[in-house]
Protein chains: 2
Amino acid sequence: MLTKGVQMMFLDDRKRSILRAIIDDYIETAEPIGSRTIARKHELGLSSATIRNEMADLEEMGFLAQPHTSAGRIPSDKGYRLYVDQLMMPINLSDDEIETIREAMEIKINELSQLIRQASVIMSRITKYTSMAITPQMRKSIIKATQVVPIEPGKALVIVVTNTGVVRNCLVNISDKLLPDFLIKVSNILNEKLSGFTLEQINYSQLKELEVEIGLSGEFLKPILEGVAECINQIDNPEIYLDGTTNIFNYPEFRDVMKAKGFLNVLDEKEVLRDLLSNKNENIEVDIKIGTENPFEEIRDCSLVTASYSVNNRIIGSFGVIGPTRMEYPKVVSSMNHIRKKINYEINKLMGKNIDGS
Amino acid sequence: MLTKGVQMMFLDDRKRSILRAIIDDYIETAEPIGSRTIARKHELGLSSATIRNEMADLEEMGFLAQPHTSAGRIPSDKGYRLYVDQLMMPINLSDDEIETIREAMEIKINELSQLIRQASVIMSRITKYTSMAITPQMRKSIIKATQVVPIEPGKALVIVVTNTGVVRNCLVNISDKLLPDFLIKVSNILNEKLSGFTLEQINYSQLKELEVEIGLSGEFLKPILEGVAECINQIDNPEIYLDGTTNIFNYPEFRDVMKAKGFLNVLDEKEVLRDLLSNKNENIEVDIKIGTENPFEEIRDCSLVTASYSVNNRIIGSFGVIGPTRMEYPKVVSSMNHIRKKINYEINKLMGKNIDGS
DNA sequence: TGTTAGCACTCAAGCTCGTCGAGTGCTAAA
DNA sequence: TTTAGCACTCGACGAGCTTGAGTGCTAACA
């Protein structure tokens with residue numbers, strides 16, 4: 001009899017309701033859920049005994065697990081997976097929350113990275129989990145201006161501006177013999193030659209070729225070209241933000257100090273964060289990685305929810321939330337979706353302002 | 001008899017040795033220290049009974065405390081205070097450590113903030129505690145150059161450079177009608193008028209007065225002047241770095257999750273860090289705040305060791321280490337001192353390179 | 001045939017109680 | 001003044017017990 005239930009992987013409505021009820025409750029309480037609790041709290045019109053039988057089936061199918069024989073059931077990763085894919089009821093953000101997001105994400109300055117930083121801060125505030133965000137990949141952005149500004153004899157400032165409004169500068173030491181007038185000439189040539197190219201199109205050897213153009217031996221020009229390369233490098237190097245790390249202490253699953261330590265340690269590594277946020281799937285709005293689906297050992301009992309933002313349908317960066325697998329998925333998913341739209345809107349506004357071409 | 005010992009606050013050599021031994025041991029083990037342990041491990045030529053009597057005296061004088069009747073003694077804040085002021089034996093850094101510091105703190109770029117960031121990182125690596133650092137107060141630094149660079153119609157980049165090699169820029173939206181040639185004129189006037197002043201000498205109303213000079217109604221100039229103000233503001237706004245936060249998990253006093261949470265939470269506040277690092281005492285090389293001497297409730301069982309770095313004997317910033325009161329003071333103090341000297345050296349080198357005047 | 005009441009069983013949590021040992025204070029002798 | 005000795009204290013630890021939430025199975029019922 002049981003084998004029949006197990007063999008057919010199809011879950012009837014009753015099993016689905018029970019599973020949903022269990023996961024909803026477990027997300028709320030973090031305690032193993034017993035059959036009686038479900039019978040009492042949810043109006044399923046079933047006795048605890050019936051629910052008990054169903055729960056046994058659900059366990060055998062792998063959606064639930066039992067910490068020990070005489071405890072209630074807790075969801076397995078597979079159970080959460082079904083829950084997020086099919087069972088959970090979407091919720092709407094409260095007016096308050098929407099207002100908070102709106103307020104936080106108004107762009108005050110021309111800097112894209114500020115927007116992303118704000119997004120991260122607000123995500124952790126709203127969800128109460130730990131949030132992270134990575135600033136856009138800039139390899140495809142276009143150089144709008146390159147300038148060399150004389151500061152004092154022996155010193156010049158190299159500046160690169162992109163169409164996305166990102167500016168980087170680099171103070172370089174140059175020969176005392178280079179006069180301001182000459183630097184302005186160099187500046188103009190660089191500006192003319194580099195404008196319109198994307199960052200990824202420019203590499204150092206190409207820069208070297210400009211030396212010929214300018215007609216001056218490499219030694220004098222070298223620091224300036226290195227400055228340009230450094231600026232480009234900095235623009236291209238995405239920043240990563242992490243917020244709400246101490247939120248995890250509010251969840252009983254991190255009562256164990258070693259677990260908290262592991263969690264915080266792994267998030268301290270920029271490389272790890274970059275990896276977690278390198279969301280390749282272009283088709284999915286909000287991606288969810290549950291427990292063991294995660295790439296790193298230390299967060300195998302966490303869930304990671306990520307979303308990407310894009311320009312012209314090309315993903316340029318992403319952000320996410322990480323917390324215990326017992327995560328308020330409905331809330332997190334709607335927050336992420338909302339903020340994602342907000343970022344996209346603001347980013348396209350910003351780009352529109354800054355691009356004259358497209 | 002006991003009262004005699006207590007009345008005279010003078011500690012004889014024997015009491016001092018015993019107190020030093022107890023604190024040394026407690027720093028190492030984090031366990032209450034008993035009389036027998038001291039008699040065995042340290043060659044004081046005294047029996048445990050004698051030491052016991054002395055310990056009772058030391059407790060009555062407030063240098064030691066007893067968690068409960070049948071436990072050993074632990075140092076009180078007052079005990080630590082005496083220890084750091086008079087008892088502890090200075091230690092030298094190992095060659096390895098000196099090399100590590102040297103390597104980490106070589107300046108590669110012209111940016112002062114990088115140096116301070118490195119100092120913080122290296123402090124936490126060497127001491128195994130949590131470290132923090134604040135970038136210099138820049139109010140006294142001198143404006144070396146101000147530039148307005150046309151980027152495209154309707155957009156200009158405002159740049160401010162100081163004698164300390166700090167550069168900030170601000171992309172501003174301007175009227176389409178302002179032509180590049182005019183912007184260059186504005187740039188020259190600004191450069192001429194602002195150079196040589198310190199940041200604190202310049203305020204917005206002064207900037208407004210320049211409008212007259214340039215001879216153009218405020219509406220056109222406003223965004224540019226705001227850009228200058230924003231740059232100055234950003235330069236003046238010190239950055240704060242925090243490293244090695246998860247180090248605290250290695251110390252048994254932070255096994256309690258709530259304590260760890262309180263600690264991490266309080267250090268999450270920029271304001272708190274700024275406060276902790278606002279070291280006013282100009283005479284002291286390395287300042288130590290023990291336990292209850294600290295201003296914030298959450299770190300009353302921590303010790304904070306800070307040091308300042310300066311230019312021309314004027315303190316411009318500071319850095320520090322925070323950890324349990326049971327801190328390896330000798331190690332921390334010598335590390336701080338070493339790094340302090342290193343920073344001072346590098347900073348003066350950097351300033352020397354960048355200042356042409358003084 | 002599916003549902004439910006009833007019952008025996010399981011097991012972690014929490015309590016008490018006794019043992020152990022590190023440490024103390026006091027006393028008396030050296 | 002120092003020290004050996006001894007009675008005493010008290011937390012840590014583990015064994016044994018109780019409690020209660022929860023289960024699986026069986027038999028009766030609709």
Side-chain angles (χ1 to χ4, degrees), chain A residues 1-6 8 11-15 17-19 21-22 25-26 29-61 63-76 252-253 255-256, chain B residues 1-6 8 11-15 17-19 21-22 25-26 28-61 63-75 252-253 255-256:
Chain A
M1 257 209 267
L2 254 179
T3 43
K4 179 190 156 206
V6 174
M8 59 171 196
L11 284 184
D12 57 35
D13 277 353
R14 198 169 72 180
K15 281 199 172 57
S17 307
I18 291 173
L19 184 56
I22 292 171
D25 275 21
Y26 184 71
T29 64
E31 299 285 330
I33 310 295
S35 52
R36 244 176 67 96
T37 314
I38 296 299
R40 256 187 289 118
K41 280 181 56 176
H42 301 262
E43 314 240 314
L44 299 173
L46 295 170
S47 78
S48 67
T50 310
I51 293 172
R52 210 142 56 225
N53 288 333
E54 296 287 37
M55 282 166 85
D57 288 2
L58 286 168
E59 181 177 359
E60 211 171 337
M61 290 185 225
F63 295 111
L64 295 176
Q66 225 175 349
H68 56 87
T69 14
S70 72
R73 302 302 205 297
I74 60 174
S76 66
E253 29 273 273
R255 283 287 156 71
D256 177 23
Chain B
M1 261 211 266
L2 254 180
T3 43
K4 178 187 154 208
V6 173
M8 59 171 196
L11 284 185
D12 58 35
D13 277 354
R14 198 169 72 179
K15 280 200 172 57
S17 307
I18 291 174
L19 184 56
I22 292 172
D25 274 21
Y26 185 71
E28 200 182 320
T29 63
E31 300 285 330
I33 309 294
S35 52
R36 244 176 68 93
T37 315
I38 295 299
R40 258 187 289 119
K41 280 181 57 176
H42 300 263
E43 314 239 312
L44 299 172
L46 296 170
S47 78
S48 68
T50 310
I51 293 173
R52 209 140 59 223
N53 289 332
E54 296 287 37
M55 282 167 85
D57 289 1
L58 286 167
E59 181 176 358
E60 210 171 337
M61 289 183 224
F63 296 110
L64 294 177
Q66 224 176 350
H68 57 88
T69 16
S70 71
R73 302 304 205 295
I74 61 175
E253 28 274 274
R255 284 286 157 70
D256 177 24

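As a basis for the values below, the full set of heavy atoms in this structure was taken, side chains included, without hydrogen atoms, waters or symmetry mates. In the text below, chain A, chain B and the rest are named by the order of the sequence lines, each starting its count at 1.
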Among [options], which nucleotide has an atom closest to any side-chain atom of [X]?
X     : options               : result
A:T37 : C:dT3, D:dG22, D:dG24 : D:dG22
B:T50 : D:dA4, D:dT2, C:dT3   : D:dT2
A:N53 : C:dC11, C:dT4, D:dA4  : C:dT4
B:A49 : D:dG22, D:dT3, C:dA5  : D:dT3
B:R52 : C:dT24, D:dA4, C:dG6  : C:dT24

Query raised in the report: Below 3.5 Å, does any donor atom in the side chain of A:R36 face an acceptor in the base of D:dG22, or the other way round?
Result: no

Euclidean distance, atom [atom1] of residue [X] to atom [atom2] of [N] [Å, nearest integer]:
X     : N      : atom1 : atom2 : value
B:Y26 : C:dG23 : OH    : C1'   : 16 Å
B:H68 : C:dG21 : NE2   : C1'   : 12 Å
A:E31 : C:dC11 : CD    : P     : 19 Å
B:R40 : C:dG23 : CZ    : C1'   : 11 Å
A:I51 : D:dG24 : CD1   : P     : 13 Å
A:E60 : D:dC25 : CD    : P     : 10 Å
A:E54 : D:dG22 : CD    : C1'   : 18 Å
B:M55 : C:dT24 : CE    : C1'   : 9 Å

Write down the atom of [X], the atom of [Y], and the distance for their closest heavy-atom approach.
X     : Y      : result
A:A39 : A:S47  : CB-C, 4.3 Å
A:A65 : A:P67  : O-CD, 4.0 Å
B:A30 : B:E253 : CB-OE2, 4.4 Å
A:Y26 : A:I33  : N-CD1, 3.8 Å

With a 4.0 Å cutoff (strictly under), does any side-chain N or O of [X] reach OP1 or OP2 of [N]?
X     : N      : result
B:S70 : C:dG23 : no
B:T69 : D:dC10 : yes
B:S48 : D:dT3  : no
A:R73 : D:dA21 : no

Requested in this report: Kindly indicate, with the supporting measurements, whether the criterion side-chain contact (heavy atoms from CB on, under 4.5 Å) is fulfilled by B:R73 and B:L58.
Outcome: CA-CA 10 Å; B:R73 302 304 205 295; B:L58 286 167; over 6 Å; no

Query raised in the report: Between B:G45 and A:G72, which is nearer to the 5' end of DNA chain D once each is assigned its nearest nucleotide?
Result: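 The residue closer to the strand's 5' end, by nearest nucleotide, is B:G45.
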
